[in-house]
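Working notes, beginning with the structure itself.
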Number of protein chains: 2
Amino acid sequence: MRPTVGIREVAERASVSPGTVSNVLNRPERVAAPTRARVLAAIDELGFVRNGSASTLRAGHSRAVGLMVLDIANPFFTEAARGVEDVISERGYALMLSNSDEDAVKERRNLRMLAEQRVQGLLVTPVDDEAPELLALRERGVSVVLLDRPGARPDQCSVAVDDVAGGRLAVEHLLRLGRRDIAYVSGPPGIRQCDDRREGARRALDGADGARLREFAAEGMNVRGGLDAGQRLLAGRRTPDAVFCANDLLALGVMRALLRAGARVPDDVAVLGYDDIEFAAAAAVPLSSVRQPTYQLGRLGTELLLDECENPDGHAHQQVVFQPELVARDSTG
Amino acid sequence: MRPTVGIREVAERASVSPGTVSNVLNRPERVAAPTRARVLAAIDELGFVRNGSASTLRAGHSRAVGLMVLDIANPFFTEAARGVEDVISERGYALMLSNSDEDAVKERRNLRMLAEQRVQGLLVTPVDDEAPELLALRERGVSVVLLDRPGARPDQCSVAVDDVAGGRLAVEHLLRLGRRDIAYVSGPPGIRQCDDRREGARRALDGADGARLREFAAEGMNVRGGLDAGQRLLAGRRTPDAVFCANDLLALGVMRALLRAGARVPDDVAVLGYDDIEFAAAAAVPLSSVRQPTYQLGRLGTELLLDECENPDGHAHQQVVFQPELVARDSTG
DNA sequence: CTGTTAGCGCTTTCAC
DNA sequence: GTGAAAGCGCTAACAG
């Protein structure tokens, strides 16, 4: 373990004062070229690395932003996180990741942690929009951007995808194919995305004569939940002629239940998912799905966040809503 | 934006000295219960949040650890990250995530960033094991644990899964089913995991008469790469009777190519994947795969790391190698 | 058990 | 264009 090398040692080696080293680091244009070169050389030779906590302490804010998601293992958030990380890394920031696990208690604990770390901004898909820690963060001047929560509030930025439109797209597609007896397989109650997609589905049905929407709630928004919902759906008196699922994992499960029971997809039953994950196209019957610009969601959210961080005065809050897109594959014929 | 509330304001409100507040925060047992209660109340009333950078500056190390992976969107790393995050969060640390994208340049940049942030430890799947920034980090006393890189070095901890054993398991399984003409679909050259799995596959073949292993390298370790490899494999004079793929995404692609061409799985061709991702069981023909304890990998790696951070003297480096496990489903009969 | 105090390493006026 | 010095908020060592 070598002795700590700080700005002081660099200064000594380059025969300048610490202040000048700091200037080289932060406002290089104010330093004469030869001096600057000497300092840079010294930095290099000594392997100096700026102490972030000291800068942060002095500056009052760090070069780190937080990202809090509901589930880091979910492909949706993973893809968004890629967008976030790309921007963060391009712009020389650090990313503090945390995972609320859809648990308000864990969320509050993590928010506390992020506050202690003095993150400069936060991208968050909150479990509890009104968590006092979240408000407190904003009160202390931390920029907050909402991710995948359509922002009701005009006083902050948000990026989201229009889930109502997605649900509508989905069901319109099924109706166009002549399906009339449609099942909607959602996740457990209380998930906003599921609710919005259902709402969209209902609206699409409004004009359609003789069409109906039946609902099945899965226990979890994963393959197993879909399998189970698929079985319940098959147990009914009449099997629907189309199934719209709140995400692709559910759809894969439903499809498996159907195929196993001898139903033909899409001839007997059309299956439609949501998210268009990588595996959708690879299913036995390639899965039609509703695609969201997930990576872009992460990217744009982060750009808005950094803009707000770096330019708090000139910043205008915006609530961005992306439109989803239908990807038709074999599972809906 | 309310005025900053620091330890000083808390002290004043509780009518104690700043030192006592610090003691309440860090060594509560040294403070008399009534005093402690007063201080706690003041903290609460004022909404005081400890300034992490100041502590870090003073202490010389932060309560943050870094995690650098090759690809945050890959389910393997995602699952490991869940294990990491769970431990980090339980123990009250913060997690700085970075993504090297398998790019040595980006890796070095990110390592620099983490060094500046003064992370206390780092979990990393390095692109370049010998990156000077990595060595520098260790020289400054940052604990480093290697993730999914079987550690040759006895001077650091590592957690990994035995990929040679996994490859062997896979091919032994296929041989046991009477398959003799086996194809190995790997990713692009130079990926250690692929090389190790191939090596294991070869060893399994050593004792088997009349069995052979043909290799197909995909361009990317994703579904598309598998589709493409599957087509090349079908174009050959003789279609193999089994395909072992270096991961599940490849296997799903290969399976799709096979089914589309009218081959029956597993009757004509058995297909075997690697990783046992959630979607494996949900494929049209449920995919047999080699399962790795990915979540545990992340958990244990982090526990080792924190142990080393918190107890540098009593810490004994260990190189942990987990054993993979075969999960037989329909795709191999 | 509690208070006092001296920095941690850096940035940033303000002189020169 | 460069140097000197104060202090960001906290902790730990020491004194009382």
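Residue numbers start from 1 in every chain, and the chains themselves are labelled A, B, ... in the order their sequence lines are given, proteins ahead of strands.
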Inset, instruction - Give a yes-or-no answer on whether the side chains of B:Thr125 and B:Arg149 include a donor-acceptor pair shorter than 3.5 Å. - result: no
Inset, instruction - Indicate whether the side chain of A:Asp148 and that of A:Gln193 have a donor and an acceptor atom separated by less than 3.5 Å. - result: yes
Inset, instruction - Using chain A heavy atoms and a threshold of under 4.0 Å, write down where along DNA chain C the contacts begin and end, 5' to 3'. - result: C:dG9 to C:dT12
Inset, instruction - Starting at CD of B:Glu116, measure out to CZ of B:Arg118 and round the result to the nearest 0.5 Å. - result: 8.0 Å
At 4.0 Å (heavy atoms only), tell me whether [X] reaches a base, stays on the sugar-phosphate, or touches nothing.
| X | answer |
| --- | --- |
| B:Val16 | sugar-phosphate |
| B:Thr35 | sugar-phosphate |
| A:Gly6 | sugar-phosphate |
| B:Arg27 | base |
| B:Arg30 | base |
| A:Ser22 | base |

Legend entry - DNA chain D: 5'-most and 3'-most nucleotides touching chain B, 4.0 angstrom heavy-atom criterion: D:dG9 to D:dA12
Would you say [X] and [Y] make side-chain contact, with heavy atoms under 4.5 Å?
| X | Y | answer |
| --- | --- | --- |
| A:Val127 | A:Asp103 | no |
| B:Arg153 | B:Asp129 | no |
| A:Phe77 | A:Ile72 | no |

Legend entry - First encountered from the 5' end of DNA chain C, between B:Ala54 and B:Gly19: B:Gly19
Inset, instruction - Please name all residues satisfying side-chain hydrogen bond (donor to acceptor under 3.5 Å, both in side chains) with A:Asn51, sequence neighbours left out, ordered by chain then number. - result: A:Ser53
Legend entry - Shortest non-hydrogen contact between B:Glu107 and B:Asp128, atoms and distance: OE2-N, 3.0 Å
